[in-house]
Structures are given as C-alpha cells and as structure tokens.
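Structure first, commentary second.
A quick note: this is a predicted structure, and the numbers were derived from the prediction, not measured.
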Amino acid sequence: MSDVKRLERPRSGRVLAGVCAGLANYMNLDPVVVRVVYVLLTIFTCFSGVLVYAILLLLIPEEPNRYQRYNREKRQ
C-alpha cells in the first residue's frame, strides 16, 4: 500500500458533510480547530463561508467504503 495523502471527506467523525474533518485530516490538525476557524471566518466574512463550504462539498470526494477500498487496493 502506498501512503499517498488524499483530500477526502471521511465517513466517520464528521458533523455535517465532512468538509472540515477532511481538511483537518489532510493538514494533520484537530477537526475542532478547523471547525472553529471556519465558523469564525464565516461570521466575519458576512456568511460567504457557506458558499465556500458548498463548493468544497462538491469538489472533495467522499472516502471510499470498505468494498471500494478493497477493489482499489486489489488493482494496485
């Protein structure tokens, strides 16, 4: 298996759709820190963070389930 770092929305440990948790996992940070920073930035930018969250929700793929993960590893 390769240790390639991927930006993915996790299936566990997410609150809304996993965008902040995925960013936190990718940057090796605590998800709570990323969520607090996101909320503060959203409030101080007149709620434009909601639009950014929606765009990231569409762009960041969801982590594969165990069957998809098995097939991905099998092909490599």
Side-chain angles (χ1 to χ4, degrees):
M1 276 200 309
S2 63
D3 291 334
V4 177
K5 204 175 203 184
R6 295 178 186 259
L7 179 58
E8 297 175 327
R9 294 183 292 124
R11 292 186 178 271
S12 62
R14 59 189 193 182
V15 175
L16 190 59
V19 173
C20 291
L23 291 172
N25 290 342
Y26 186 75
M27 296 184 290
N28 293 328
L29 295 173
D30 186 18
V32 175
V33 173
V34 175
R35 290 178 185 126
V36 169
V37 169
Y38 168 74
V39 168
L40 291 175
L41 286 174
T42 299
I43 291 171
F44 290 121
T45 59
C46 299
F47 295 94
S48 62
V50 176
L51 179 63
V52 172
Y53 193 91
I55 292 170
L56 289 176
L57 176 62
L58 295 173
L59 293 178
I60 300 174
E62 191 170 30
E63 179 182 56
N65 61 25
R66 61 182 173 188
Y67 302 112
Q68 293 168 336
R69 193 176 316 122
Y70 173 75
N71 288 337
R72 181 189 295 173
E73 292 171 358
K74 190 175 171 183
R75 280 185 269 156
Q76 292 178 354

Taking all heavy atoms of [X] and all of [Y], pick out the closest pair and write down the distance.
X	Y	result
Ala21	Pro31	CA-CB, 4.5 Å
Arg11	Glu63	NE-O, 2.8 Å
Gly18	Tyr53	N-OH, 3.7 Å
Val34	Ala24	CG2-CB, 3.6 Å
Leu41	Thr45	O-OG1, 2.6 Å

Hydrophobic cluster membership, with links at side-chain heavy-atom distances under 4.5 Å among I/L/V/M/F/W/Y: are [X] and [Y] in one?
X	Y	result
Leu51	Leu57	no
Leu29	Tyr26	yes
Val52	Ile60	yes
Phe47	Ile55	no
Val19	Ile43	yes

Could you tell me if the side chain of [Y] sits less than 4.5 Å from the side chain of [X], heavy atoms only?
X	Y	value
Tyr38	Leu23	no
Leu16	Arg35	no
Pro64	Glu8	yes

When rounded to the nearest 0.5 angstrom, what is the spacing between CZ in Arg14 and CG in Asn25?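 These two atoms lie 12.0 Å from each other.
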Out of curiosity, Leu59 CG to Arg9 CZ, how far, rounded to the nearest 0.5 Å? 10.5 Å
